[in-house]
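Here is the structure we will look at, set down as structure tokens.
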Amino acid sequence: MVDPIFQSANYTVARKLLDAAALRQEAIAANIANAETPGYRRLDVSTDFSEQLKASLKTGELDRAAELKPKLAEDTHARAVRPDGNTVEIEHELLAMNKNSAEYEFLSEVVSRNIKQLKLAITGRQA
């Protein structure tokens with residue numbers, strides 16, 4: 001009875017995207033902390049993760065999606081705006097942090113809703 005809830009596509013994808021959002025928050029924090037470090041290259045979640053997640057969903061391979069782990073990588077699209085080669089732009093990081101926070105909040109609500117459904121099924125009462 002528990003497996004259908006925790007192995008549903010929505011729950012699996014939301015959980016994986018939550019992992020990515022948490023890792024992205026770490027990257028943003030590192031980027032802001034190193035905004036004045038000469039030669040620092042901006043970090044973000046690797047684009048391979050989202051491409052692999054999309055591919056596994058397209059083919060219906062939820063087991064493969066559940067095994068994916070997001071990783072940090074240098075943002076190759078970020079350009080150096082300063083002569084010291086640093087690719088961090090504080091305004092961009094703040095915008096990314098707000099966007100990431102909104103995504104995290106939405107995804108945690110999706111996961112929380114699944115857990116509340118399970119609790120309702122077990123206890124028969126709303127939380």
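Side-chain atoms of K16 do not come within 3.5 Å of backbone N or O of A65 as any donor-acceptor pair.
Summarising the geometry, atom CZ belonging to F49 is positioned 9.0 Å from atom CG belonging to L23; distances are rounded to the nearest 0.5 Å. Taking OG from S112 and NZ from K116, the interatomic distance works out to 4.0 Å, rounded to the nearest 0.5 Å. Residue R113 holds its CZ atom at 5.0 Å from CD of E109, rounded to the nearest 0.5 Å. Here the CZ atom belonging to R15 is positioned 13.0 Å from the CG atom belonging to N10, to the nearest 0.5 angstrom.
Hydrophobic clustering places L53 together with F106 (ILVMFWY residues linked when any side-chain heavy atoms are closer than 4.5 Å, directly or through intermediates). Neither I28 nor L95 shares a network with the other; the hydrophobic side chains, linked directly or stepwise wherever heavy atoms of I, L, V, M, F, W or Y lie under 4.5 Å apart, form separate groups for each. Y104 and Y11 fall within a single hydrophobic cluster, where Ile, Leu, Val, Met, Phe, Trp and Tyr are joined by side-chain heavy atoms under 4.5 Å apart, directly or via other members.
Crowding of E51 atom CD: a count of heavy atoms from other residues, nucleotides or ligands under 6.0 Å exceeding 12.
By the 4.5 Å heavy-atom criterion applied to side chains, L107 and V111 are not counted as neighbours.
A80 approaches T87 most closely through the heavy-atom pair N-CG2, 3.8 Å. Residues L68 and S56 come closest through the heavy atom pair CD1-OG, 4.3 Å.
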Donor-acceptor contacts under 3.5 Å from residues 32-45 side chains, at least two apart:
residue, atom, partner, partner atom, Å
N34, OD1, T37, OG1, 3.1
N34, ND2, A30, O, 2.8
Y40, OH, N31, OD1, 3.0
R41, NE, E74, OE2, 3.4
R41, NH1, G85, O, 3.3
R42, NE, E93, OE2, 2.5
R42, NH1, D75, OD2, 2.9
R42, NH2, H92, NE2, 3.4
D44, OD1, R24, NE, 3.2

